2 protein chains.
Amino acid sequence: MRSIDPSADRSTPARIRDAAITCFAADGVAATSIRAIAAEAGVSAGLVIHHYGSKDQLRIACDEYVASLIREVKGTAMAAGAGLDPLAAMRSFSGGPPLARYLAKTLVDGSPHVADLVDEMVNDAVGYIATGVEAGLLAPSDHPEERASILTLWMLGALVLHEHLERLIGFDITGDLSEDPEESGRAYFGPVAEILGGFFTDTTKELLGEAFPDAPVKTEPDTKDTA
Amino acid sequence: MRSIDPSADRSTPARIRDAAITCFAADGVAATSIRAIAAEAGVSAGLVIHHYGSKDQLRIACDEYVASLIREVKGTAMAAGAGLDPLAAMRSFSGGPPLARYLAKTLVDGSPHVADLVDEMVNDAVGYIATGVEAGLLAPSDHPEERASILTLWMLGALVLHEHLERLIGFDITGDLSEDPEESGRAYFGPVAEILGGFFTDTTKELLGEAFPDAPVKTEPDTKDTA
DNA sequence: ACCAATATTGAACAAGCGTTTAATATATTG
DNA sequence: CAATATATTAAACGCTTGTTCAATATTGGT
């Protein structure tokens, strides 16, 4: 299921980096100490600084490595046809560092590398959705970028709030669901498909059409140059 | 726009509590020191402890107070008809502590009081949606609780990821949009309404019906039993 | 085998943290 | 007014943090 083999890179810096990702994913960046990372990697605290300079630089290295892993796995999952769900790729990535939980913790504390990753996911979604629209599978939109942004952020928001999601409907969105694909995610993906299939009735749409008479054309931000 | 008047409660504990909410909302609970809260409130650090015992108890007091504020404001906003959006209530609450940003920071670090608040929002949404279904405005569902949970978490997820949302489509979901109701939220609520109006086409719904046979995808009034 | 470079450690450091304590100001009350 | 309780402060304590440093082990090239 994976095209890359992280176990081939077992150098000490790599072990420290993976230990940091594991700790950050479990407790968050701020609540993780360098000594905890060192203990997880089986080295001393000084060695962590020796290899990465500072906690901040280590965190940046983790961001970049996680982003590169997700980009790699994304390519293999795209062939499998999992287009709309930006988490499908990393969920199938078992055995390596916990990518989904790392993202769940770091999406909220404003790293530019994570922001770049989100922008890429949005751009990917724009492309996937455009393909789906051309194929007649998805409804067209006057504002495809905004629609793709909102859908992507909803999916990532469910990841960030995975504890609430699990408490409410008993589904762990950060887990690997490739082992039980027919059962584990049904309580989530079923209603998701239902909502996206049409939550409002035609009556409501008419009312909404009056409430939002003209569509929102707001081409102010960057990060978008899709066709 | 507000039915309560927090400025009437200007005792020292209340000032400290509001200062803590402001700091927590700005930087998060872990990154906020007691000394920073004391400075914001214009008192000494020891006084914060004297009135609240510990940082943890102060945080609990903030959780409970924010929850009570949201519950109060919710009642007034329900009359205004803003049912589906669980954030509509607190956005109209300007002048007091930053409720939306406080929630955005605390939704992710597992407070039981915040979890209770989320559960209440989901229950509210279940009621609102049921009313909308009976009125013919919303599509019925075989799993109304799951659907309401997912919709609520999507809205709260967009709140938690408000920095990404603002970067992507230029809309600050934590701000007060009652001042410019016709313009400010259009880039967000327009596409949201569009998505909820129907993102999948009928062709996709049939395909989804095969992928999730037991899932509640409403392509035809054929209601199957669930496992 | 030797030397230089690197890897690694454990101790130490300064800063910041939450909290405690003793002292002082202020208010309350009989 | 005196006595007591509360409010408030500044300083200090113990702890953890990220980081530095000197010393030691280990490696690699010639």
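Remember, it's a predicted structure, so these values are computed and weren't measured experimentally. Computation of the quantities below employed the complete heavy-atom set of this structure, encompassing side-chain atoms and omitting hydrogens, waters and symmetry-equivalent molecules. Naming: A, B, ... by sequence-line order, numbering from 1 per chain.
- No side-chain donor from either of A:Asp18 and A:Tyr65 sits under 3.5 Å from a side-chain acceptor of the other.
- Between A:Gly53 and A:Ala31, the residue anchored closer to the 5' end of DNA chain D is A:Ala31, taking for each the nucleotide with the nearest heavy atom.
- Taking side-chain N and O atoms only, A:Ser33 has a distance below 4.0 Å to OP1 or OP2 of D:dT17.
- Taking the six-membered ring where the residue is Trp, B:Phe171 and B:Tyr188 present parallel rings, their angle staying beneath 30° rather than reaching 60°.
- In this structure a side-chain-to-backbone donor-acceptor pair under 3.5 Å is missing from B:Lys55 to B:Ile49.
- Of the candidate nucleotides C:dT19, D:dT8, C:dA12, D:dT8 has the atom lying nearest to any side-chain atom of B:His51.
- Taking the six-membered ring where the residue is Trp, B:Trp154 and A:Trp154 present parallel rings, their angle staying beneath 30° rather than reaching 60°.
- Of the listed nucleotides (D:dT9, C:dG18, D:dT19), D:dT9 has the atom at the smallest distance from the side chain of B:Ser44.
- For the atom pair B:Arg101 CZ and B:Thr22 OG1, the distance stands at 12.0 Å (nearest 0.5 Å).
- With rounding to whole Å, B:Arg59 atom CZ is found 16 Å from C:dG18 atom C1'.
- Taking every side-chain heavy atom of B:Leu47 into account, D:dT8 is the closest of D:dT8, D:dT19, C:dT19.
- Here the side chains of A:Thr106 and A:Ser111 are not in contact, with every heavy-atom distance at 4.5 Å or above.
- Between A:Tyr52 atom OH and D:dT20 atom P there is a gap of 17 Å when expressed in whole angstrom units.
- In terms of phosphate contacts, A:Thr12 brings no side-chain nitrogen or oxygen within less than 4.0 Å of OP1 or OP2 of C:dA7.
- Closest contact between the side chain of B:Arg35 and the listed nucleotides C:dG18, D:dG18, C:dT9 involves C:dG18.
- For A:His50 and C:dT6, the NE2 to C1' distance is 7 Å, given to the nearest whole Å.
- Judged by distance alone, the side chains of A:Thr174 and A:Asp172 do bring a donor and an acceptor atom under 3.5 Å apart.
- Taking atom CD1 of residue A:Ile49 and atom P of nucleotide D:dG18, one finds them 8 Å apart after rounding to whole Å.
- Where the helix from C:dA1-D:dT30 to C:dG30-D:dC1 starts and where it ends, the local axes point in directions that differ by 10°; five pairs per end, rounded to 10°.
- Whole-Å rounding puts the A:Ile34 CD1 to D:dT20 C1' distance at 12 Å.
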